[in-house]
Trainee: 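Could you have a look at this structure, given as structure tokens, before my questions?
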Amino acid sequence: MKVGVVKEIKSDEYRVALTPAGARELVQGGHDVIVETGAGEGSSFPDDAYRSVGARLASVDEVWRDAELLLKVKEPLPDEYPRLRDGLVLFTYLHLAASDELTRALAESGAACVAYETVETDNGALPLLAPMSEIAGRLAAQAGAYFLEKPLGGRGLLLSGVPGVAPGRVLVIGGGIVGYNAAIIALGFGANVTILERSVDRMRHLDEILSGRVSLVMSSSLQIEESVAEADVVIGAVLIPGAVAPKLVTREMVAQMKDGAVLADVAIDQGGCAETSRPTTHSEPVYVVDGVTHYCVANMPGAVPITSTKALTNVTLPYVEAIADHGLAEAVARDPALARGVNVLDGKVTYEAVADAHGLDFYPLEDVLPLSPV
Ligand SMILES: NC(=O)c1ccc[n+]([C@@H]2O[C@H](COP(=O)([O-])OP(=O)(O)OC[C@H]3O[C@@H](n4cnc5c(N)ncnc54)[C@H](O)[C@@H]3O)[C@@H](O)[C@H]2O)c1
């Protein structure tokens, strides 16, 4: 199959959908890999790194024209809509429930559109989202430690403390992938870490893997109120699948926080879990409300494209290889997780939540693309 990789054109997006290592696997598998000139630069992969593993470097027009399977990181932007066409398989993050315009553009194009974020295993795990949550959680702890520094508007506290001076307190609300990763970095700093969770099973698991090094406490509004007031860094890491984030930290709770404390609301991409949170960017990551520094960057992994690109392609490559080796129809017949990733096919919306979000008709995938058992 001809597999194309284009340079991302969304502002502040430095990731690329395929590493040279991934390109080599595909070339060794007998596929043609066509990479847009300069596509890997933002992630420190020069054109030569792709050329040397057998990929062809080409202009953006050529990649879109020649590719049968097009790999991207972010959703197509309006400038790219005219490039979508019947017969093309597009594999990327799409987040279609958030955009009526994009959903209609994809449907009108006739392209088969597979979304990273809805590839879902039988046990409900989202393997192509997990690495970004791991990165965001780790970065959140780092950002918390950094913005506690006095010249940056923080309390002027070293999170680790030193012998003779107590460490700072980190409160993580939500002990999922983001929360666990935030906690292990905060523990690495030597901070005193508490995780508030509402799933007892998840807390049992965290207790096992963290060997009792964090306090695990049932999340309730009273507990949140008390813990937030004591914390130097609060990390918002809750998720209710398919819903906007619950506003667990109220404006009054923020007002009770220590002066110069940091609130890193990772859940900001779902609206944020504090009433005072609003999305920020890497160029202006923080703002202050009631003396509390708010860090609410909506695309945190974008700050570390080398790591993010490698982590993303580690998990996408097996699916890319499956589509390239077998074609989309057979690949989804073989793998229900990949089948759940198909959002738009032959002009029809095949993912129910996306159809519901935009008042469009929903077509079960098996009606559009008969999934004969292999
Ligand atoms: N800003 C970014 O760049 C970025 C990057 C990746 C993920 N995220 C966001 O981070 C959030 C967390 O993602 P995740 O992958 O860790 O999700 P996850 O599903 O792995 O974890 C969420 C956890 O929140 C817990 N939870 C739900 N309600 C709670 C409550 N009231 N109190 C305490 N805990 C509660 C759940 O039990 C679950 O363990 C999501 O909103 C996700 O979109 C943001």
Side-chain angles (χ1 to χ4, degrees), residues 10 12-15 73-74 93 95 97-98 116-121 123-144 171-185 194-207 209-210 214-228 234-250 253 263-274 277-282 285-286 294-305 307-308 311-312 315:
K10 195 163 187 169
D12 280 340
E13 182 54 70
Y14 302 105
R15 289 173 292 179
V73 176
K74 298 302 283 187
Y93 285 122
H95 294 288
Y116 292 160
E117 72 277 3
T118 68
V119 171
E120 182 179 348
T121 61
N123 63 2
L126 303 170
L128 307 191
L129 270 186
M132 297 305 116
S133 288
E134 290 168 343
I135 291 170
R138 290 173 186 227
L139 275 175
Q142 240 172 252
L171 174 70
V172 181
I173 309 178
I177 301 175
V178 168
Y180 166 71
N181 281 277
I184 53 174
I185 295 302
T194 299
I195 300 178
L196 302 186
E197 238 300 334
R198 62 170 195 180
S199 156
V200 176
D201 284 344
R202 180 67 186 166
M203 284 193 274
R204 289 198 178 105
H205 177 65
L206 290 171
D207 189 47
I209 58 178
L210 292 170
V214 300
S215 301
L216 292 156
V217 184
M218 177 54 79
S219 178
S220 67
S221 88
L222 179 62
Q223 187 61 56
I224 292 171
E225 187 177 309
E226 289 174 1
S227 302
V228 159
V234 174
I235 295 174
V238 294
L239 177 67
I240 297 178
V244 293
K247 299 289 181 204
L248 301 174
V249 179
T250 63
M253 291 182 200
L263 169 60
D265 197 346
V266 186
I268 192 66
D269 62 340
Q270 301 294 330
C273 62
S277 296
R278 59 173 166 80
T280 59
T281 60
H282 290 296
V286 294
H294 288 55
Y295 175 97
C296 303
V297 177
N299 64 330
M300 294 175 67
V304 289
T307 309
S308 300
L312 178 64
V315 291

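Read the numbers this way: they start at 1 and go in the same order the structure lists the ligands and their atoms. Note that the structure is predicted; figures quoted are calculated from it, not measured.
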Trainee: Any donor and acceptor pair, going by atom type alone, linking the side chain of D207 with main-chain N or O of L216 inside 3.5 Å?
Mentor: no
Trainee: Applying side chain to side chain contact (heavy atoms under 4.5 Å, CB included), name anything that partners A140, two or more places apart in sequence or on another chain.
Mentor: I235, A264, V266, M300
Trainee: Checking side-chain polar atoms at under 3.5 Å, does D201 have a donor or acceptor matched by the opposite partner on S199?
Mentor: no
Trainee: Ignoring hydrogens and geometry, is there a side-chain-to-backbone donor-acceptor pair from D265 to C273 under 3.5 Å?
Mentor: yes
Trainee: Answer yes or no: is there a side-chain heavy-atom contact under 4.5 Å between R198 and I240?
Mentor: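 Answer yes - side chains close enough.
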Trainee: Which parts of the protein, at residue level, reach under 4.0 Å of ligand 1 through a heavy atom?
Mentor: M132, S133, A136, G174, G175, G176, I177, V178, L196, E197, R198, S219, A237, V238, L239, L248, V266, A267, D269, Q270, V297, A298, N299, M300, P301
Trainee: Can you tell me if E197 uses its side chain to pair, donor with acceptor, with the backbone of M203 under 3.5 Å?
Mentor: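 Such a contact is absent between E197 side chain and M203 backbone.
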